[in-house]
Amino acid sequence: MENQPNKAAVSLVFAVNQQRFELSSVDPSITLLHFLRHHTSFKSVKLGCGEGGCGACVVLLSKYDPVLDKVEDFTVSSCLTLLGSIHGCSITTSEGIGNCKDGFHSIHQRFAGFHASQCGFCTPGMCVSLFSALVKAEKTNRPEPSPGFSKLTVSEAEKAISGNLCRCTGYRPIADACKSFASDVDMEDLGLNAFWKKGCGEEEKSSKLPPYDPNNGPCLFPEFLKKEIRSIPFVDSKGCSWLNPLSIKDLNRLLGCDDSSNISKTKLVVGNTEVGYYKEFERVDRYINLKFIPELSVIRKDSTGIEIGATVTIAKAIEALKNNNHESSSIGELVFNKLAEHMEKIASSFVRNTASIGGNLMMAQRKQFPSDIATILLAAGSMISILTGSSQETIMLDEFLKRPPLGPKCVLLSVKIPNWDSVKDVDSNDATVMFDSFRASPRPLGNALPYLNAAFLAAISPCKNSNGIVLNSCHLAFGAYGTKHAIRARNIEEFLAGKVIDYNVIYEAISLTGATIVPEKGTACPAYRTSLAVGFLFVFLSSLVDEKAAIDRDHLDGCRNASSTRPERFNLNHGSLGYNKTATLLSSGKQTLELSSEYYPVGDAIIKSGAAIQASGEAIYVDDIPSPTNCLYGAFIYSSKPLARVKGLTFPPKSQPEGVVAVISARDIPVGGQNIGTRTMFGDEILFGDKLTECASLPLAFVVADTQKHADVAAEYAVVDYDTHNLEAPILSVEDAVKRSSFFEVPSFLIPKQVGDISKGMAEADYHINAAQIRLGSQYYFYMETHSALAIPDEDNCMVVYSSSQWPVNAHFVIAKCLSVPEHNVRVITRRVGGGFGGKAMKSMVVASACALAAHKLCRPVRIYMNRKTDMVMAGGRHPMKVTYNVGFKSNGKITGCQLDILVDAGMSIDVSPIMPQTIVNGLKKYDWGALSVDIKVCKTNNPSRSTMRAPGLAQGSFIAEAIIEHVASTLCMDVDTVRRVNMHTFSSLKKFYKNAGEPQDYTLPSIWDRLATSSCLEQRTEMVDKFNSCNTWKKRGLSRIPVVQGMTLRPTPGKVSILTDGSVAVEVGGIEIGQGLWTKVRQMVTYALSSIKCDGTSDLLEKVRVVQSDTIGLIQGGGTYASTTSESSCEAVRLCCNILVERLTPLKKRLEESGSVKWDVLISQANLQAVNLSVNSLYVPDFVSSSYLNYGVAVSEVELDLLTGETTILRSDIIQDCGRSLNPAVDLGQIEGAFVQGIGFYMSEEYLTNPDGLVITNSTWTYKIPTIDTIPKQLNVEILNSGRHKNHILSSKASGEPPLLLAASVHCAARAAIKEARKQICTWKHRDESDYTFQLEVPATMPVVKELCGLDSVESYLKWINELRTTAS
């Protein structure tokens, strides 16, 4: 093989959706995602994170093996896969599975029919993940399934999308769509869909599903590619080369020809998944692909063990470990299977399919990556073969990890895992090996780094002098806890060696563990991580304790170690004190709703508009619009300091970025233009910080380059020169803001008024709680589509901007002011948004304005697709706050007065933060407080500016109310459900707290409260929870029911309806389709309203109605899409239009009826001939009575806590939401479930953290964890209450987008109840007073938070108690 590329480079050949691509020149650093999006017509692959952490970019890769003469198919993350690595491969995207021209695949049809797509941005990736699972299942030898089904199992169907993120749906309908393909599915278990009605039998249901035929699918590997199986020696482009050595000798030659000056610019590649974690900004001159070296891809099995080559993927290693040749009951088999089981929790399937074993271990060795593989292989006694030049050596993995980072010329060859059947230490009849592994992470099924991982192997034998078990020797490995690499805890191993295991020995061992497993300084949650190590070792060793040595078996229940490798003859304590680590998925869900035909098709559960093209990936988002000629790309340079003068901005001399065209700043704003980036009702905010930055994340400049990658790299390289001399210290906390009186003014009409006489209320109380405090954190939106915009200069100094925005009309205004042009020179167009949740209301204006300014300055189109890190840093997110409350209450739990002081951290700029006092109190007032006094200060700090996020203020206010109720119940030692009921509103008190209470019959909350108790079997389950808690030590359950009352407000909204000459209808509305089903409801309303003309041929009118994109010139006064009511308002706006159209058409229809019945298309044709105006524009302005109403809901949730890890499993959630008469129950159901799961994220898992300067540090999918399919309720039951007529509502409907998010606090409250049980238990162990269980559970209640409240020393306390019992008994 040549050392250097020659000029006659060999072409790169591959296929995409059966189309042949042959490239003679390729930049090897280009990813498959970039190529697909920029050089093909296929746009279904989306950039969600660029880290392999979300699944939006997943494609199916098919590869031919000429030796076996078979094609292998597997999913990959196209955002990580380098284009050079796919030579001879075939790529299938969601469009390749099916599309609107060739026909949709049944996957697309079922996703649409099960209402499993909302914003749609994640849906194509979901579909490909499921398709891959179907393809894989079809290759098995399982029995042929019934027609229409696959060989897939329900479990496999759910797991197929376990690595894919969705922020909209709550996953339940996605799981149903996937399960509908499974051969073992229970059709009764499938939820609401468009295929069958209630009451259908199983056979009828099966027949109505879109048919699935595995033999009628797309061709995954075209025949022409079988000729391209040879490895190409290199791809050469602009001095950058891709090399494919075919042997170790070739590789050594390539590495040997590098001198020390350029070896760092050479990169060894297998799957390239490393860049998902360690971002790559430095230029690479040579990529050396190791996948064609046979010695590195070996999987060799013999009696001594399994040798796995360095380039073998994790997926292949799992397969090899599961399919070894040893006896199924052998020790070696059990160890290998346990290793495979653990590896299945690493990353996600589409990452495991390309990530290599060797790459993972090298990251652990060189870069201190928190590897699971290193830890479990360390415990298994694995050996590593490495090559440095011509020198090869085999060393223990322990030594490999301890060495200084290996040099760039050092290559890992293979790893050898011993077969423990052949190890001499246990080669006797009475000895055996026990092996187990552990990990504690935010997600049970993986796709999340662990707080700590561990693996333990022990050689054990029966004690000859007693009934105990002797631990002859052991390997105890711990990793990922804040240390340089995984370690063997040799001091603990030496202590345990030769000892008979009892609780005294275990106590000594875990004491040593606590002193040994100590995270390095700066590691988050260090004490928690140490406690995990203690807990895991306790579980492992406790199963070796002789059953007769235990005092009471009941004390040991609660952990079942189904996955232990310990042979049957040693299972003395196996069933009682094992540890259930098996992750299960969603089991079931039930949807109860009542369809109404009164306003048909309004009220029907029709499929969301565009759902099928969203699934196939043909729906167009801003970044899918083809780039115009000469288009440039932008990226923001933002401040990293909270308060500083900006003296200058430069690029390092040695790292001059490629392709930079300009750096746009405030100085480039045209004469007469304003430095304006955002407009709100409270004022304008700047686009760029000029000479002073007042918060970290503030945009300072906008770098423009020839590609998005070059722009992003340039922004990353930029060096800002700061000066803080003679500046005050920044305000970085609400306490500092109070000290320096730094507040935003809140208009008087937004200041909450006191309810009742607070002094009297406090005086009437029997008990008081004084100065109690709560802190609530922030939350990031995590819309799947990050901010994007495209600005195109037009004739006559005009500008057209495509923006992913919830508020295009304000973006229009801001751009015009910034450019100093009349507003008629600007058009902002938004078709659909890939998720918003409030995050694309204000911040999208900044993005659109920066693009427009750059386009104006450079006279060229400029676009941006913001990378996930920058988006997370600049987004702002939900408002954090500090709450101090005083509450007075009677002995029966009735609260008589509540006084709150709330400090809201609004950040640097005002945004819409002055609404927070009103919205917080809106959420608080759901209970009758007797008297309520609230003082809310909106603090101006030097933190990033906060903005609206789904249920802004309400999510916090509703939670604060629950926290107070919980505190009162705890103080009185009363059942909290009773205290809630005592303090629920009567209609009389409701009118006292809410001006818009409506009529008595509108107040449905009391009936919903009781209805849910019955439907959820609350009383019986409460007894079951109590019984469970009394029988289990290390698992505790909690159950909680909470109500929600939310005031909703409708806003003026425009609409336009035009009937075209063929009778089809084009509709424009001011609201934006962000996944909430606005277009769907609007189409239903237009169909209903126009059908009142009562013509023949209107039965299919719904299919003739299309809602078109928002255009700020075509329809003015659009307003923003927020606060859940835009769909209602838009529906009423178009109804007004339709009423006028019907009024215009009615006289003509009557004249035509004189000759007989009139068809719709004839009526419209005649109307055109007679010059009837068939286009109407209206503005719906709600009157005082109909402008606001109250929304009610109740939820009950049950959780199970793992006291050793702090993990919270949501067993079941039941919800009843009053939607009035739902405009579309399917859409509203999706909103309810999606909002509830997003609320779970806020209350339980999502940490939006900053450094001491206020700069966001949880800025990736690695560090920020939204709910996934394995963290949602195992059973999710939702009832949409049809509460009858509400004469002042739009067709008696109510909103559904925000209120259910508040109900997710039921999960938090249930966790609190479980923690309370755990704390009672600890009080018993520690002989403490059990009278006071009062504590505050933080938001979010993450695993470390829960574990700390359950006791970081719970294991030690338990063992002391057990030993005390034994001492007393003896």
Side-chain angles (χ1 to χ4, degrees), residues 48-49 52-56 58 75 107 110-111 114-119 121-134 152-182 185 189-191 344-352 441-448 582-589 591 615 782 784 835 1197 1199-1200 1207-1213 1229-1230 1232-1241 1244-1246 1261 1264-1278 1304 1307:
C49 65
C54 73
V58 167
T75 51
I107 290 177
R110 295 192 194 185
F111 262 73
F114 277 98
H115 313 290
S117 181
Q118 289 187 24
C119 86
F121 200 81
C122 71
T123 314
M126 296 273 187
C127 291
V128 173
S129 290
L130 174 58
F131 180 70
S132 174
L134 291 172
L152 207 61
T153 66
V154 166
S155 175
E156 290 169 342
E158 291 180 325
K159 283 185 179 179
I161 47 101
S162 62
N164 296 72
L165 301 185
C166 173
R167 192 56 150 168
C168 297
T169 64
Y171 298 100
R172 196 275 315 160
I174 298 174
D176 279 354
C178 295
K179 290 192 293 184
S180 73
F181 288 91
V185 67
D189 190 35
L190 299 179
E344 286 179 324
K345 296 175 184 174
I346 297 169
S348 53
S349 60
F350 44 81
V351 172
R352 293 194 297 268
S441 78
R443 293 173 179 157
L445 284 182
N447 206 20
T582 305
T584 57
L585 284 167
L586 181 71
S587 58
S588 64
Q591 302 81 45
F782 216 107
M784 293 304 296
S1197 291
V1199 307
E1200 182 175 289
E1207 181 182 357
T1208 302
T1209 300
I1210 309 170
L1211 301 177
R1212 177 174 169 180
S1213 290
L1229 177 68
I1232 291 166
E1233 293 179 337
F1236 186 79
V1237 170
Q1238 194 171 69
I1240 290 172
M1244 300 302 295
S1245 67
E1246 297 178 33
T1261 56
Y1264 192 86
K1265 296 301 177 185
I1266 69 170
T1268 44
I1269 193 170
D1270 54 339
T1271 58
I1272 64 172
K1274 305 302 177 191
Q1275 186 173 353
L1276 181 58
N1277 304 319
V1278 179
V1307 174

Trainee: Only counting residues at least two apart or in another chain, list the ones meeting side-chain hydrogen bond (donor to acceptor under 3.5 Å, both in side chains) with Ser1213.
Mentor: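 Checked Ser1213 against side-chain hydrogen bond (donor to acceptor under 3.5 Å, both in side chains); matches are Ser1197.
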Trainee: Which atom names give the shortest non-hydrogen contact between Gly163 and Asn447, and what distance separates them?
Mentor: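 Scanning both residues, the minimum pair turns out to be O-ND2, 3.4 Å.
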Trainee: Once side chain to side chain contact (heavy atoms under 4.5 Å, CB included) is applied, do any residues pair with Ser132, and if so which ones, sequence neighbours excluded?
Mentor: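 Partners of Ser132 by the side chain to side chain contact (heavy atoms under 4.5 Å, CB included) criterion, ordered by chain and then number, come out as Leu60, Thr75.
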Trainee: Can you sort out the partners of Cys127 under side chain to side chain contact (heavy atoms under 4.5 Å, CB included), two or more places apart, ordered by chain and number?
Mentor: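 Scan of Cys127 (side chain to side chain contact (heavy atoms under 4.5 Å, CB included), adjacent residues dropped) gives Ser94, Ile107, His108, Phe111, Thr123, Ala615.
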Trainee: How would you list, by chain and number, every residue that makes a side-chain hydrogen bond (donor to acceptor under 3.5 Å, both in side chains) with Ser1245, sequence neighbours excluded?
Mentor: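 So Ser1245 forms no side-chain hydrogen bond (donor to acceptor under 3.5 Å, both in side chains) with any residue.
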Trainee: Suppose we screen for side chain to side chain contact (heavy atoms under 4.5 Å, CB included). Which residues come up paired with Ala448, at least two apart in sequence or across chains?
Mentor: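 Ala448 satisfies side chain to side chain contact (heavy atoms under 4.5 Å, CB included) with Ser441, Pro442, Arg443, Lys1265 only.
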Trainee: How long is the gap from CD1 on Ile1272 to CD1 on Ile1210, to the nearest 0.5 Å?
Mentor: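 Output value for this atom pair is 8.5 Å.
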Trainee: Which residues pass the side-chain hydrogen bond (donor to acceptor under 3.5 Å, both in side chains) test with Arg110, sequence neighbours left out?
Mentor: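 Expected list: Ser180.
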Trainee: Are any non-hydrogen side-chain atoms of Leu152 and Leu130 less than 4.5 angstrom apart?
Mentor: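 Touching, per the 4.5 Å side-chain cut-off.
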Trainee: Restricting to ring pair (Phe, Tyr, Trp, His ring centres under 6.0 Å), what partner residues turn up for Tyr1264, sequence neighbours left out?
Mentor: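 So Tyr1264 forms a ring pair (Phe, Tyr, Trp, His ring centres under 6.0 Å) with Tyr780, Tyr1248.
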Trainee: With sequence neighbours left out, write down each residue that passes side-chain hydrogen bond (donor to acceptor under 3.5 Å, both in side chains) with Ser129, or none if nothing qualifies.
Mentor: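 In terms of side-chain hydrogen bond (donor to acceptor under 3.5 Å, both in side chains), with neighbours along the sequence ignored, Ser129 is linked to Asn164.
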Trainee: I'd like to check the side chain to side chain contact (heavy atoms under 4.5 Å, CB included) partners of Glu1207; sequence neighbours left out, ordered by chain and number.
Mentor: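 So Glu1207 forms a side chain to side chain contact (heavy atoms under 4.5 Å, CB included) with Pro444, Asp1202, Thr1205, Thr1209, Met1343.
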Trainee: Look at the side chain of Tyr171 and the backbone N and O of Ile161, then say whether any donor-acceptor pair between them is shorter than 3.5 Å.
Mentor: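 Not confirmed, Tyr171 side chain does not pair with Ile161 backbone.
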Trainee: So, for Glu1233 and Thr169, which heavy atoms are closest and what is the spacing to 0.1 Å?
Mentor: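 Shortest heavy-atom separation between Glu1233 and Thr169 comes out as CB-O, 3.7 Å.
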Trainee: At their closest point, which heavy atom of Gly48 faces which heavy atom of Cys54, and how far apart are they?
Mentor: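 So the minimum-distance heavy-atom pair works out to CA-SG, 3.7 Å.
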Trainee: Using the salt bridge (Lys or Arg N to Asp or Glu O under 4.0 Å) criterion, which residues pair with Arg167? Sequence neighbours excluded.
Mentor: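 Glu1246.
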Trainee: Could you tell me whether a side-chain N or O of Gln118 sits under 3.5 Å from a main-chain N or O of Gly1230, the two making a donor and an acceptor?
Mentor: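 At least one qualifying donor-acceptor pair exists.
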Trainee: With sequence neighbours excluded, tell me which residues meet ring pair (Phe, Tyr, Trp, His ring centres under 6.0 Å) with Phe121.
Mentor: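 Only Tyr621 meet the ring pair (Phe, Tyr, Trp, His ring centres under 6.0 Å) criterion with Phe121.
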